[in-house]
**Student:** 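The structure follows.
Every chain is numbered from 1, with letters handed out A, B, ... down the list of sequences.
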There are 2 protein chains.
Amino acid sequence: MRLKDDTKINSIFKAATELTSEVGLDKLTMSSIAKKAKVAAGTLYIYFDSKEQLLNELYMHLLMGGTLSILPSIQHLPLKKQFQVIWSNVLKFRVSNSSEVIFMHQFRYSSYVSAESNKLDEQFISFINNLLDRGKEELIVKDIDNDLIIPMLYGYANTLARQLSLDKVDVTDEIINQTFSICWDAIKS
Amino acid sequence: MRLKDDTKINSIFKAATELTSEVGLDKLTMSSIAKKAKVAAGTLYIYFDSKEQLLNELYMHLLMGGTLSILPSIQHLPLKKQFQVIWSNVLKFRVSNSSEVIFMHQFRYSSYVSAESNKLDEQFISFINNLLDRGKEELIVKDIDNDLIIPMLYGYANTLARQLSLDKVDVTDEIINQTFSICWDAIKS
DNA sequence: TTTATAAATGAATTTATATTCACTTTAATT
DNA sequence: AATTAAAGTGAATATAAATTCATTTATAAA
């Protein structure tokens, strides 16, 4: 008997990601994914139960391979340095993977998103939460509810990366330093 | 002869806005808009050429009635105060008009958005640009490219307002002050 | 009142796209 | 090499939603 071909899932994911960044999530069709991935439309249903499942799997795949894997084991570094490493990684990753970021952004606010996808998202938030709490203990982070701080980091990263990608600016060290100084001044006490 | 009924456009806009916040832009259908607005499906096509036009008109309507009208005539106030007034207005408006904000957010990143809608958007950005430039002249704002600063303000406002709405937190003066201190520390030199 | 004209209706049509399925191909197992 | 079970195909089907249009209704003007 024949076995499933893992590289095929990659082509499917790649096709869906690129198409979304080209035409938008709302114009993304199963046939166009199939065509771009060079498989038959029916094949998509061997690997995924539905369009909804395909998109959720893709989202979780990108979240794990990208944003989450970025959280390095940097527990030993001083807090500010940890934030800086994360900021730099997130920004560089996002700008050099702009199709992925566009897909994630559009998917994140669509009605396709499942409970499971949502849960995975919270892992990243939770990591930042811990970092902020420690910063407050060390008295170097403003004593403001994390729920009021995190949207700044999250919203800024999203919006900035999207803008830099669209403008095809490449992320120099100067840009990283300048934008990080904005972030850090925002949250430091 | 019979005349068009302006209140009908309002019901249509209201229905489309609320439905988007309930089910998402990608599940928004012309029939559901018609049903909720208590008009026949065909009636929508008397007022609008297409779904695309309806959504763009709605977006521009919200942008003008909401975000843009928020920019007050406060030219006489000191710069920091101007930012504070705008921040407070934007936040309060966004949280108390969460359906509108959800619609605008989902529409903004959809493929429906027309060149005209895009252009209107830039008015707001341009106002902030001027404010930042003056801040730099007065040496109270960081000497960093506006394109690196604005995404912070814009992304933070979006993400924060969305979060506050979802959590049904109401915008107290304390929240406004705390979040504004985050913004201001971020951009002040 | 009557007339004329445009608004309003909603069922019918068109169009688009997710999903299925009868069939073909592939490759692991015997 | 033969067997067989699952992958792969793509045209056909089902479904859903945008748009049209023949008809009815409301109202401004005569």
Side-chain angles (χ1 to χ4, degrees), chain A residues 1-61 103 106-107 110-114 117, chain B residues 1-61 103 106-107 110-114 117:
Chain A
M1 69 159 198
R2 202 169 168 185
L3 293 181
K4 282 189 192 171
D5 176 1
D6 262 11
T7 68
K8 207 149 276 174
I9 292 191
N10 285 334
S11 332
I12 294 170
F13 279 171
K14 188 157 177 260
T17 306
E18 287 174 2
L19 277 169
T20 301
S21 88
E22 286 162 19
V23 302
L25 186 61
D26 51 347
K27 296 260 172 61
L28 182 72
T29 66
M30 291 300 264
S31 342
S32 68
I33 296 172
K35 192 177 173 190
K36 185 150 193 163
K38 290 180 180 149
V39 298
T43 305
L44 299 178
Y45 291 87
I46 291 166
Y47 291 88
F48 306 98
D49 291 344
S50 65
K51 183 181 181 182
E52 181 174 337
Q53 202 216 332
L54 189 161
L55 297 180
N56 275 283
E57 296 280 334
L58 170 54
Y59 181 70
M60 290 189 282
H61 171 79
F103 171 82
Q106 297 205 8
F107 178 82
S110 79
S111 64
Y112 289 117
V113 56
S114 71
S117 292
Chain B
M1 70 157 195
R2 202 170 169 183
L3 293 181
K4 282 189 193 174
D5 177 1
D6 263 11
T7 68
K8 207 151 277 176
I9 291 191
N10 285 333
S11 332
I12 293 170
F13 279 170
K14 187 157 178 262
T17 307
E18 287 173 1
L19 275 169
T20 301
S21 88
E22 286 163 19
V23 302
L25 186 60
D26 51 346
K27 296 260 171 62
L28 182 73
T29 67
M30 291 300 264
S31 341
S32 68
I33 296 173
K35 193 177 173 190
K36 185 149 193 164
K38 288 180 180 149
V39 298
T43 305
L44 299 179
Y45 291 87
I46 290 165
Y47 291 88
F48 306 98
D49 291 342
S50 64
K51 183 181 181 183
E52 181 174 337
Q53 203 217 332
L54 188 160
L55 297 180
N56 274 284
E57 296 279 335
L58 170 53
Y59 182 70
M60 291 189 281
H61 171 79
F103 170 82
Q106 296 205 9
F107 177 82
S110 80
S111 64
Y112 290 117
V113 55
S114 71
S117 291

**Student:** Taking the side chain as C-beta and beyond, is there a heavy-atom pair between B:His61 and B:Ile9 under 4.5 Å?
**Tutor:**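 B:His61 vs B:Ile9: side chains apart.
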**Student:** Mind checking if B:Ser32 touches a base, just sugar-phosphate, or nothing, with heavy atoms under 4.0 Å?
**Tutor:**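 Nothing: the residue B:Ser32, judged by heavy atoms under 4.0 Å, touches no strand.
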**Student:** Can you measure A:Met30 atom CE to D:dT15 atom P for me and round it to whole angstrom units?
**Tutor:** 17 Å
**Student:** Among residues 8-29 of chain A, which contact DNA chain C at a heavy-atom distance under 4.0 Å?
**Tutor:** A:Leu28, A:Thr29
**Student:** Rounded to the nearest angstrom, tell me the gap between atom CD1 in B:Ile33 and atom C1' in D:dT19.
**Tutor:** 13 Å
**Student:** In whole angstrom, what separates A:Tyr45's OH from C:dA22's P?
**Tutor:** 18 Å
**Student:** Please determine if a side-chain N or O atom of A:Thr43 lies less than 4.0 Å away from the OP1 or OP2 oxygen of D:dT9.
**Tutor:** yes
**Student:** Could you check whether B:Tyr47 gets within reach of a base, just the sugar-phosphate, or nothing at all, counting any heavy atom under 4.0 Å?
**Tutor:** sugar-phosphate
**Student:** Between B:Ala37 and B:Ser11, what is the shortest heavy-atom contact and its length?
**Tutor:** CB-O, 3.7 Å
**Student:** Round to the nearest Å and state the distance from B:Leu44 atom CG to C:dT9 atom P.
**Tutor:**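 Distance, rounded to whole Å: 10 Å.
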**Student:** Whole angstrom is fine here: how far is it from NZ in B:Lys38 over to C1' in C:dA7?
**Tutor:**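 Distance check: B:Lys38 NZ to C:dA7 C1' gives 20 Å.
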**Student:** To the nearest 0.5 Å, what is the distance between CG (B:Leu58) and OG1 (B:Thr17)?
**Tutor:**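 Answer for the CG-OG1 pair, B:Leu58 versus B:Thr17, is 4.0 Å.
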**Student:** If I take atom CD1 in residue A:Ile46 and atom P in nucleotide D:dA5, what distance separates them, rounded to the nearest angstrom?
**Tutor:**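 It works out to 17 Å between those atoms.
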**Student:** Take the protein atom CD of A:Glu52 and the nucleotide atom P of C:dT17, then report the distance between them rounded to whole Å.
**Tutor:**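 Rounded to the whole Å, the gap is 18 Å.
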**Student:** Distance from A:Phe13 atom CZ to A:Tyr47 atom OH, nearest 0.5 Å?
**Tutor:**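 If we round to the nearest 0.5 Å, A:Phe13:CZ and A:Tyr47:OH are 11.5 Å apart.
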**Student:** Residues in salt bridge (Lys or Arg N to Asp or Glu O under 4.0 Å) with A:Lys14, at least two apart?
**Tutor:** A:Glu18
**Student:** A:Glu52 pairs by side chain to side chain contact (heavy atoms under 4.5 Å, CB included) with which of A:Asn56, A:Leu55, A:Asp49?
**Tutor:**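 Between A:Glu52 and the candidates, side chain to side chain contact (heavy atoms under 4.5 Å, CB included) is satisfied uniquely by A:Asn56.
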**Student:** Going by the rule side chain to side chain contact (heavy atoms under 4.5 Å, CB included), which residues pair with A:Asp26 if we only count those two or more places apart in sequence or in a different chain?
**Tutor:**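 Here the qualifying residues are B:Ser110, B:Ser111, B:Tyr112.
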**Student:** In whole angstrom, what separates B:Asp49's CG from D:dC21's P?
**Tutor:** 14 Å
